[in-house]
Amino acid sequence: FVVSLPALGFVQAGEQSEPTQPSPAVIDGEPDLEAFAPDRHFVPGTATELSLQVANDGEFSSGDPDARELVTTARNVRVAVDDDAPFEVRTDTQAIGSVSENEPREVPLEVHVPEDVDHGEYDVDVELEYSYTDRYFPRAQSARERTTTTTETITCLLYTSDAADDLLCVDLGGRRI
């Protein structure tokens with residue numbers, strides 16, 4: 001007579017055990033956030049909205065592909081703009097929630113451009129702070145959590161009021177052509 005002790009791999013005589021797929025020992029990956037500004041053209045002397053897009057091109061290193069989202073989603077994402085450029089961003093830090101690989105997020109920012117600003121290209125630093133799971137251990141049902149901050153630079157273009165009157169005659173640097 002054989003006693004069944006499945007935890008030790010013993011099976012009672014006459015029983016057949018089905019092979020089970022072992023779960024992966026670890027799932028590794030991390031989010032990779034980027035910020036974009038599709039419409040980044042401004043005219044001095046105006047107040048306008050700059051719409052940032054935050055996208056995630058996560059990096060999946062190992063483990064069960066069905067669990068990819070566990071390690072590639074950025075959680076509690078906060079967006080802040082460093083306005084060292086000659087215009088003022090009037091929107092404070094914004095929390096936008098989670099950003100997965102499938103769902104970019106929009107962040108509206110109120111921007112005021114003084115009249116006396118010269119036309120040209122200006123870099124704006126966008127700071128993205130977020131939390132994520134970079135390693136998940138399915139067997140132990142535990143995870144390693146991280147928090148990080150990354151800075152993305154977006155180039156904004158300012159046009160003189162003359163150039164703004166005829167945008168078809170302006171190159172990307174705001175110069176008349």
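Quick note: numbers below take in every heavy atom, side chains included, and nothing from hydrogens, waters or symmetry partners. This structure is a prediction, so every number in the text was calculated from the model and none was measured.
Separation of atoms CD (Glu49) and CZ (Arg90) is listed at 14.0 Å; rounding is to 0.5 Å. Atom CZ of Arg75 is separated from atom OH of Tyr132 by 10.5 Å, given to the nearest 0.5 angstrom. Considering CZ of Arg40 and CG of Leu157, their distance stands at 4.5 Å, rounded to 0.5 Å. One distance of note links SG of Cys156 with OH of Tyr122; it measures 11.0 Å at 0.5 Å rounding.
Between the Arg146 side chain and the Asp134 main chain, no donor and acceptor come within less than 3.5 Å of each other. Panel note: side chain Arg105, backbone Ser98; a donor-acceptor pair is recorded below 3.5 Å.
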Before giving the answer on side-chain contact (heavy atoms from CB on, under 4.5 Å), spell out for Leu128 and Val79 the whole-Å C-alpha distance, their side-chain angles and the decisive distance to 0.1 Å. CA-CA 5 Å; Leu128 304 167; Val79 180; 3.7 Å; yes

From CA spacing to verdict: side-chain contact (heavy atoms from CB on, under 4.5 Å), Asp82, Glu127: CA-CA 7 Å; Asp82 179 14; Glu127 191 172 276; over 6 Å; no

Quick one: do Val26 and Tyr136 satisfy side-chain contact (heavy atoms from CB on, under 4.5 Å)? Show the steps, please. CA-CA 6 Å; Val26 67; Tyr136 178 70; over 6 Å; no

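Each salt bridge (charged side-chain N to carboxylate O under 4.0 Å, His left out) pair with one or both residues in residues 25-35, not counting sequence neighbours, appears once here: Asp28-Arg135.
In this view, Pro38 and Gln53 satisfy the side-chain contact (heavy atoms from CB on, under 4.5 Å) rule, not counting sequence neighbours. Residues forming a side chain to side chain donor-acceptor pair (under 3.5 Å) with Thr91 (at least two apart in sequence, or on another chain): none. Legend: residues meeting salt bridge (charged side-chain N to carboxylate O under 4.0 Å, His left out) with Glu106, ordered by chain and number and at least two apart, are absent. Taking Glu152 as the reference, nothing meets the salt bridge (charged side-chain N to carboxylate O under 4.0 Å, His left out) condition, with sequence neighbours excluded. The side chain to side chain donor-acceptor pair (under 3.5 Å) search around Thr153 returns Asp125, not counting sequence neighbours. Residues forming a side chain to side chain donor-acceptor pair (under 3.5 Å) with Ser61 (at least two apart in sequence, or on another chain): none. By the side-chain contact (heavy atoms from CB on, under 4.5 Å) test, Ala95 is found to be paired with Arg78, residues two or more places apart in sequence or in another chain being considered. Contacts of Ala55 classified as side-chain contact (heavy atoms from CB on, under 4.5 Å), with partners at least two apart in sequence or in another chain: Phe36, Pro104. Residues passing the side-chain contact (heavy atoms from CB on, under 4.5 Å) test with Glu103, sequence neighbours excluded: Ser100. Under the rule for a side chain to side chain donor-acceptor pair (under 3.5 Å), the partners of Thr155 that lie at least two apart in sequence or sit in another chain are Asp123.
Annotation: side chain of Val81 is not in contact with side chain of Val107 (no heavy-atom distance under 4.5 Å).
Contact detail for Ala25 and Pro138: the closest heavy-atom pair is O-CD, 3.7 Å. Heavy-atom minimum distance, Ala37 versus Leu52: CB-CD2, 4.0 Å. Between Ile27 and Gly63, the closest heavy-atom pair is CG1-CA, 4.1 Å. Listed here is the closest heavy atom pair of Val117 and Pro44: O-CG, 3.6 Å. The minimum heavy-atom distance linking Thr133 with Ala143 is given by the pair CG2-CB, 3.6 Å. Residues Asn56 and Thr73 approach most closely at ND2-CA, 4.1 Å, considering heavy atoms.
The aromatic rings of Phe87 and Phe42 lie tilted to each other, with the angle between the two planes from 30° to 60°.
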Would you mind writing out the side-chain donor-acceptor pairs for residues 108-116 within the sub-3.5 Å range, not counting sequence neighbours?
none

